[in-house]
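The next block holds one structure in the form of structure tokens; read it before the comments.
Computed from a predicted model, the values in this text were never measured in an experiment. Sequence positions, counted from 1, serve as the residue numbers for this chain.
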Amino acid sequence: MKTNQKLEDHIGEWRSYMKKRRTLHSTDVEELEDHLQSQSQALLESGLDEDEAFLVAVKRLGDIDSLTREFASEYSDRIWKQLVLSKDEGEEALVDWRDASMAVGMAVAAAAAIKLPELFGIPIDGSESDAFFYARNSSFFVLPFLAAYFLWKRGLGWIDCLRLAVPFLAGAIIMNLFPFKMESHTGLLAMLHLPIALWLAVGFAYSSALWRSHEQRMNYIRFTGEWFIYYVLIGLGGGVLMGFTIFIFEAIGLDAEHIVQAWIMPCGVVGAVIISGWLVEAKKNIIENMAPVLTKLFTPLFTVLLIVFLAIMIWTESVIDVKREVLIGFDLLLVLVLGLLLYSISARNPEAPPGIFDVLQFLLVFCALLVDLFALWAIGTRISEFGFSPNKVAALGENLVLLVNLGWSCVIYAGFLMRRRSFTSLERWQTGYAPVYFIWAWIVVLIFPVVFNYQ
């Protein structure tokens, strides 16, 4: 297999390490080395450099070979330092400045887009009708630029660009030509669901137009989790920056609050979406992603929370209060549970046997399923008493969509714990179910306003 000299040197270190630590049959070494070279070459072709490709490949090989795991532990720190520290003069820098420049350019374009309406008399801090305009079009100030970044990065052609443009054009027409009123429930539902629909559309560009691929869907799920973490961290840093901006200018008698609210905050909010995406791309496949680590931390905590909640609700014979804010909160909780499940799946070795963490995951999903059933019962009772409304139907549909996912996930996980199903079947169920959320989001955006007469 074709490899370059630097990669051969790394593999040579691995080979020497294997020979020093124990006596292996020559065929075993050849088989492991061939696997290591194949993994490294595939990662090189995906865009990683030699150090990155070897580091990730040897880490993956460590999942199936204990001695290679020791090698990865001993050598990864040295190679990691080579990745993040400045390289010698004349060597190629770790950061792809062409890629970084494109990301910054798209972030600036998004910032310009959110300020563009002001040229037409629609200030971002203006009247309620102005705020309604920005709320309706919030997705279009940023997601087209994130999609454009991935279209450029993946080298997709004009046909794929035109395909991706269809959902964005459809969303823009719906949000700006449908006669929504500021107090419209269907308008609010459309504004909440359109970003979900368009975020899934961005996945088409991220996956190099290979959205039917199970692996590419899982990659986009991983990207979404990492992106969210980076975005929150940037947001926290941005909040500190804005606070100190106001503070230091007040110290010299100047009021910078208006500048912060009208310029720094909106431009930073949209620009950070692109920069977060670029950071995830720049750091992907190196060492360990953050989302699975946080998943291992919060899964036991949320499992205990749901068990205690269900026990108290049953003991006190309480029912879920069917208010819009409560329903949104419970839906977010169920989505968070699915997120914890997804990111544990994304980082787990599918060949590993069931363990204690799998039992915790099953309990978490099972408790979430019970909470969903109680919420559906409360929604059904409310509908039978007061009839249908856009909010109640949307909540009913979303909980049914989540119910199917959670229910079948429980069945598959139980089969895995009893060693009757493979873990891969759970992963494929989650990635295969992703289009259902896309379809439901578009139903709420496109069909609900017409059926409920834009109420």
Side-chain angles (χ1 to χ4, degrees), residues 31-32 35 39 59-66 68-69 211-222 224-225 288-289 291-311 314 333-377 398-440:
E31 182 179 353
L32 288 171
H35 186 78
Q39 286 279 344
K59 182 176 181 292
R60 291 178 179 175
L61 187 61
D63 291 336
I64 61 175
D65 179 74
S66 59
T68 299
R69 190 180 304 116
W211 185 243
R212 294 183 180 180
S213 166
H214 153 75
E215 290 79 10
Q216 293 286 22
R217 289 183 186 178
M218 181 53 74
N219 287 338
Y220 190 57
I221 289 171
R222 293 189 184 102
T224 300
E288 183 72 78
N289 290 330
V293 175
L294 294 177
T295 294
K296 291 180 181 178
L297 173 64
F298 284 103
T299 290
L301 300 177
F302 274 93
T303 302
V304 172
L305 170 65
L306 290 184
I307 290 174
V308 171
F309 170 76
L310 288 169
I314 293 172
L333 174 62
L334 296 175
V335 169
L336 178 60
V337 170
L338 280 177
L340 292 173
L341 175 63
L342 281 169
Y343 294 111
S344 67
I345 290 173
S346 71
R348 192 187 190 282
N349 178 8
E351 303 300 326
I356 185 63
F357 188 77
D358 294 300
V359 176
L360 283 174
Q361 283 279 359
F362 173 75
L363 285 175
L364 177 64
V365 175
F366 181 73
C367 290
L369 177 64
L370 293 179
V371 170
D372 196 7
L373 288 170
F374 280 119
L376 280 169
W377 178 78
E398 284 156 12
N399 280 272
L400 286 173
V401 169
L402 291 169
L403 179 73
V404 173
N405 194 341
L406 291 168
W408 193 242
S409 294
C410 273
V411 172
I412 297 175
Y413 227 135
F416 171 68
L417 292 174
M418 293 185 289
R419 302 178 186 270
R420 295 178 181 176
R421 290 178 179 269
S422 68
F423 192 81
T424 304
S425 60
L426 179 61
E427 182 177 345
R428 291 190 174 274
W429 162 248
Q430 292 299 330
T431 56
Y433 198 75
V436 176
Y437 300 109
F438 180 82
I439 293 169
W440 173 250

Where is the tightest heavy-atom contact between [X] and [Y], given as atom of each residue plus distance?
X	Y	result
Trp440	Glu398	NE1-CG, 3.0 Å
Ala368	Leu334	O-CD2, 3.4 Å
Gln430	Ile345	CG-CD1, 3.9 Å
Cys410	Val365	SG-CG1, 3.6 Å
Leu306	Cys367	CB-CB, 3.7 Å
Pro353	Phe416	C-CZ, 4.2 Å

Is the backbone N or O of [Y] less than 3.5 Å from a side-chain atom of [X], with the two atoms forming a donor-acceptor pair by type?
X	Y	answer
Ser409	Asn405	yes
Arg217	Thr431	yes
Asn399	Leu376	no
Tyr343	Arg222	no

Roughly how far, to the nearest 0.5 Å, is [atom2] of [Y] from [atom1] of [X]?
X	Y	atom1	atom2	result
Leu370	Ile314	CG	CD1	7.5 Å
Phe362	Leu417	CZ	CG	6.5 Å
Thr424	Ile412	OG1	CD1	11.0 Å
Phe309	Phe374	CZ	CZ	8.5 Å
Leu406	Leu369	CG	CG	6.0 Å
Leu338	Ile221	CG	CD1	10.0 Å

Parallel, tilted or perpendicular: which one describes the rings of Tyr433 and Trp429, with boundaries at 30° and 60°?
tilted

Applying side-chain hydrogen bond (donor to acceptor under 3.5 Å, both in side chains), can you list everything that pairs with Asp358, at least two apart in sequence or on another chain?
Arg348, Tyr413

Measuring only between side-chain heavy atoms, which start at C-beta, is Tyr437 closer than 4.5 Å to Leu402?
yes

